[in-house]
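This report refers to the structure that appears directly beneath it.
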Amino acid sequence: MRLLGKRPTWLYKQPVRWAFLAATIALLLSFPFWASRYWIDVGFYVGLYALLGLGLNVILGEVGLFNLGHAAFWALGAYTTAILNVRLGIPTLALLPLSALVAGGCAWLISSPIIHLRGDYLCIVTIALGEIVRLVLINNPAGLTGGPNGVIGIARPVFLGHVIRTPLDFYFLVWAMVALCAFALRQLQRSRIGRAWNYIREDEIAAEAMGVDVRSLKLLAFVLGAALAGLAGNIFAAKMRMVSPDSFTFMESCLMFCIVLLGGMGSIPGTILGAALVVLFPEIFRPVAQYRLLFFGLALAATMYFRPGGLWPRRRAVEFTAGRAARP
Amino acid sequence: MRALILGLVFLAVSVWAQPILIGFQGPLTGSWAVEGDWALKSVQIAVEIVNARGGILGRPIQLVVEDDGGTPKGGTLAAQKLIAAGVKFVVGTYGSMVCMPSSELYEEEGVLHINYGCTRVDLSARGFKYYFRTSGRDDSQARFFVEYVIPLFGAKRIAVMHDNTAYALGVAEDVLRFMKPLLDAGKLQLVYYDAIMPGERDYTPALTALRDANPDIWYYTGYYPEWALLLRQGKDLGLDWKKIKAVGSNACPISEAVKIAGIDAVMGAMITQEPLPAFLVEKYTLAKEFVTSYEAKYGPIHDSPWATYAADAIFTLAFAIEATKSLDPVVVARYLRSGAVVGEGITGPLSFSPEGDRLGVPYMLLICNEKGESALFDPAVHGHLVGM
């Protein structure tokens, strides 16, 4: 069932797309100047979940690897930031790349032996992975993670002498990251790697037969997606100024999964839209307090029913080699 | 003419009875929704009582309620929502790790924040100016267990079990800290100290280990769902609560445990507890009024101390604002920190240390009697249940 009917072709005309992009950026930039503190904070969480969604989108959307343990990499990034900042006093913002590196490195170590698993099997292993990481954090290895109490007293990040502390500062920090990552991922989508990823998603055996290095490319997607989650972890730790295992539950992994499925697999704008919905819905339904998660669930189910391909599915690009007339 | 009178009445009402906004932040959804619901109802009753007495400074209280879902992230959003609503006084929330980031926002914005269900010790060690709590701290309960409960039963072999959550680990570690001199002197023996995994269905391995350790008393510091399962499975495994005194911590309401595990498994089990409203009515007039109003509106009173402390947070605000004649959080906070007794609440005199901790929180030992109800432990009445 198609709710919106056939999409009009003018939507895909280049000037329209540029205008739409410009309008979105203008909206995001001007938003904090007319919204309240509360809505700015909601905007921050939309950005944070967009970042997490973009990371998972690489793994789930581009390559089709079912990963229901993405919160684990988020937790690794957050704890890396928290521990190194509190123990060694390394500035929080300087830990941004390191958090991504640690999360990505751990993803490489962990996923190497399981990357050959397909579909549901991989899914089950990633669920276990998410839980194991959370339990390890609770068990306080070497007194580093503070157990269930977590780590508190993370310093505020400082950017060129400006202390990032207000909701406004964090809003811009997270959306700058989202913009940067979205741009990089778009470039990647159009590269050899991006096309090979999609090939693997559509038909792994055919891809392998055509000489695509399936294993390395899958690993690359896993590491890249996890590194993005690590990035988000750093920003989350800086914002909350504390990390505790309660924040990285299985529910969070499910939410990220929802973001990618809601938005449309492999679609960058779709993922950002999905993040917006997942964060906004429970907030919009605040007036009905106890029932808000019920409405959230209903909305998710309805979306999946009416638009099974996601709200903003990725359009398939038709590309031709030079020297051949383009016939649609 | 009629319109003019109505207009004047409206004007008078808007000038004289403009409500004072008080925020409530609590877990209305999520895993602690029961506690959030009880706390909200209790706070609403407290507001009704204050309003029926003419409000604060002649103005009624209006509650602004926000749900934090029991997560740190939900806590920050709820706090921002309350701050954006222009609230200057907030009552909330349940769970120390939820409280931590929210209280930071309140502190930054100069919002007076009275906590009702967070017992982590270092919450009040952050040098905050606007942070208070009407509840006790983790270590006050541990002290009660070591200095009162252990000698009461003459226990020598002690078992401590927790579930690795922030609160449970805190209590367990404090028990060890207070027991240390006694352990070092050889007067007590710690025969079992371990954690269980919350949310599991089968705790037989942990219970077998507990049985083999053969303790005189078993202190479980954790939440009621696991405690109920432990009691049920322990009973099925043949553990005798007359030989091993089963004591739970204050997050194990007996009524909930009975619902999950049944009367036969919980009977004779005890909990260390802040005073519950049902036991306070004989002592404090406000408690009597509170319980009567609550039961008239919502049925039988809950047995959660936290919800009672939430109501007391409203009374603290009412007394303190009335006493200072000021709606400025700075003035009210300074007054609260002075250590003065601001009034007699449901749980007794309300006064605070300069750090914002409640002064003098009493504890009590409750037991599940033959009817499955919580009763104040009295050796003469309940001794046979615990083999005394």
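Chain letters run A, B, ... following the sequence lines, proteins first, then strands; residues in each count from 1.
Closest non-hydrogen pair, A:D246 versus B:P72, comes out as CB-CD, 4.5 Å. Across all non-hydrogen atoms, the minimal contact from B:M197 to A:L135 is SD-CD2, 3.5 Å.
Heavy atoms closer than 4.5 Å to chain B are found nowhere in A:F44, neither backbone nor side chain. Neither the backbone nor the side chain of B:R126 comes within contact range of chain A; no heavy atom of the residue lies under 4.5 Å from a heavy atom of that chain. For a residue to count as touching a neighbouring chain, one of its non-hydrogen atoms must lie under 4.5 Å from one of that chain's; by this rule B:M100 touches chain A with the side chain only. Within the 4.5 angstrom heavy-atom criterion, no atom of B:A195 approaches chain A. Within the 4.5 angstrom heavy-atom criterion, only side-chain atoms of A:P167, from C-beta onward, approach chain B. No part of B:L82 comes within reach of chain A, as not one of its non-hydrogen atoms sits under 4.5 angstrom from that chain. Contacts between B:E66 and chain A at a heavy-atom distance below 4.5 Å involve backbone atoms as well as side-chain atoms. When heavy atoms are compared at a cutoff of 4.5 Å, B:L169 approaches chain A solely by way of its side chain, counted from C-beta outward.
Once rounded to the nearest 0.5 Å, the distance linking OG of A:S36 with CD of B:Q80 reads 8.5 Å. Note that CG of B:D163 and CD1 of A:I138 are 9.0 Å apart. Values are rounded to the nearest 0.5 Å. The CG atom of A:D41 sits 7.0 Å away from the CG atom of B:L105 when rounded to the nearest 0.5 Å. Note that CE of A:M240 is 9.0 Å distant from NZ of B:K73, once rounded to the nearest 0.5 Å.
In this structure the side chain of B:D122 reaches within 4.5 angstrom of the side chain of A:I152, judged on heavy atoms. Within the 4.5 Å cutoff, the side chain of B:T71 has no heavy atoms near those of the A:E252 side chain.
For A:F159, the CZ atom is loosely surrounded, since the number of other residues' heavy atoms within 6.0 Å does not exceed 12. Annotation: B:R143, atom CZ; neighbour count of heavy atoms from other residues, nucleotides and ligands within 6.0 Å does not exceed 12.
Considering A:R241, A:R165, A:R37 in turn, A:R165 is the only one that fulfils the salt bridge (Lys or Arg N to Asp or Glu O under 4.0 Å) rule with B:E108.
With chain A as partner, the option from B:K81, B:R120, B:M97 having the largest number of non-hydrogen pairs under 4.5 angstrom is B:K81.
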